Amino acid sequence: MDTTDLVLAIFHHLLVFSLAGIIGAEFVLIRGDLSAATLKRLAGIDRHYGIIATLIIIVGIGRVIYGLKGWEFYIYNWVFWAKMAAFGIVGLLSIVPTIRFISWNRQASAGPGFQVPAAELASVKTCVRAEAFIFLLIPIFAAAMARGYGY
Ligand code: HEM
């Protein structure tokens with residue numbers, strides 16, 4: 001029994017479910033009516049994305065170092081690195097939506113007649129859809145790596 005491992009595992013799960021919720025919320029909201037209130041909500045939700053992702057990295061590294069299996073279990077395992085790559089790609093894909101949400105929210109607050117440009121919306125939809133899809137790979141890699149696949 002190891003309390004540190006348990007606490008890290010609990011936080012890891014709570015954080016990854018929160019991130020899944022955020023991606024899901026963005027996925028749904030960008031498909032609806034993009035009123036000023038929705039744009040404000042999107043910018044607010046997206047701010048939490050960065051905070052949660054940062055905490056996942058901290059807790060995740062904590063699990064590698066202080067987890068029951070020891071860091072050697074992970075760093076020589078290609079499935080672990082596939083999981084890290086997937087997480088990194090999701091992070092990169094989130095950059096364009098973050099920039100757009102901040103800009104749209106600012107423009108909507110400045111002028112009530114603001115309409116989200118169709119081309120910008122299309123690129124954000126593509127990024128969020130790709131994020132959601134690649135995010136699904138992460139728990140698949142996680143489950144495999146935790147069971148020793150990847151050597
Ligand atoms: C820097 C980022 C991350 C690091 C360093 C990391 C690291 C780890 C470690 C060390 C474990 C323990 C595996 C074991 O029991 O041997 C784990 C488990 C897990 N991780 Fe992550 N993780 C990260 C991000 C994520 C993300 C974004 C998700 C999103 C779904 C995720 C989902 C999971 C799941 C579901 C498990 C449990 C696997 C199982 O026991 O079947 N992780 N992670």
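Only a predicted model underlies this, so the values are computations on that prediction, with no experimental measurement involved. Atoms within a ligand are numbered from 1 in the order they appear, just like the ligands themselves.
- At the top of the distance list for atom 18 (C) of ligand 1, counting protein heavy atoms only, stands Arg63 NH1, 3.1 Å.
- Ranking the protein heavy atoms by distance from atom 30 (C) of ligand 1 puts Pro139 CD, 3.5 Å first.
- Nearest heavy-atom pair, Ala9 versus Arg63, reported as atom, atom and distance to 0.1 Å: CB-NH2, 3.4 Å.
- Numbered from 1 in the order shown, with element, the atoms of ligand 1 that lie under 4.0 Å from a heavy atom of Ile61 read 5 (C).
- Under a cut-off of 6.0 angstrom, the local environment of CD in Gln115 is sparse, with at most 12 non-hydrogen atoms contributed by other residues, nucleotides or ligands.
- Every atom of ligand 1 is numbered from 1 in the order shown, and the set under 4.0 Å from a heavy atom of Val16 is 25 (C), 26 (C), 28 (C), 29 (C), 30 (C), 31 (C), 42 (N).
- A side-chain donor from one of Ser35 and Thr38 sits under 3.5 Å from a side-chain acceptor of the other.
- Among protein heavy atoms, atom 34 (C) of ligand 1 sits closest to Ala142 CB, 3.5 Å.
- Linking Ile, Leu, Val, Met, Phe, Trp and Tyr whenever their side-chain heavy atoms come within less than 4.5 Å puts Val7 and Ile57 in one cluster.
- The proximity of Leu68 to ligand 1, defined as any non-hydrogen pair under 4.0 Å, does not occur for either the backbone or the side chain.
- Ranking protein heavy atoms by distance to atom 25 (C) of ligand 1, first place goes to Lys83 CE, 3.4 Å.
- Here the shortest heavy-atom distance to atom 29 (C) of ligand 1, taken over Ile140, Val90, Ile138, belongs to Ile138.
- Looking only at heavy atoms of the protein, atom 15 (O) of ligand 1 is closest to Lys69 NZ, 3.2 Å.
- In summary, the atoms of ligand 1 found under 4.0 Å from a heavy atom of Arg147, numbered by their order in the structure, are 39 (C), 41 (O).
- Atoms of ligand 1 lying under 4.0 Å from any heavy atom of Ala143, numbered from 1 in the order shown and given with element: 41 (O).
- Between Tyr151 and Phe73, the ring-plane angle classifies as perpendicular under the 30° and 60° cut-offs.
- Leu92 is listed as a side-chain neighbour of Ile95, based on a closest heavy-atom distance under 4.5 Å.
- Taking 4.5 Å as the limit, some side-chain heavy atom of Tyr66 sits within range of a side-chain heavy atom of Leu8.
- Distance check, rounded to the nearest 0.5 Å: CE of Met84 to CZ of Phe141 gives 10.5 Å.
- Proximity to Met145 (heavy-atom distance under 4.0 Å) selects the following atoms of ligand 1: 8 (C), 9 (C), 11 (C), 13 (C), 17 (C), 43 (N).
- The closest side-chain heavy-atom distance from Leu6 to Asp2 is not below 4.5 Å.
- Nearest protein heavy-atom neighbour of atom 3 (C) of ligand 1: Met84 CE, 3.3 Å.
- The hydrophobic cluster containing Ile56 also contains Ile61, counting ILVMFWY residues as joined when their side-chain heavy atoms lie under 4.5 angstrom apart, directly or transitively.
- Geometrically, Arg31 engages Phe27 in a cation-pi contact defined by less than 6.0 Å to the ring centre and at most 45° from the axis.
- With ligand atoms numbered from 1 in the order given, ligand 1 contributes 29 (C), 30 (C) to contacts under 4.0 Å with heavy atoms of Phe135.
- Ranking protein heavy atoms by distance to atom 37 (C) of ligand 1, first place goes to His13 NE2, 3.7 Å.
- Annotation: atom 23 (C) of ligand 1 to nearest protein heavy atom, His12 CE1, 3.3 Å.
- With a 4.0 Å heavy-atom cut-off, ligand 1 is reached by the backbone of Val64 and by its side chain too.
- Ligand 1 lies out of reach of Gly67, whose nearest heavy atom is not under 4.0 Å from it.
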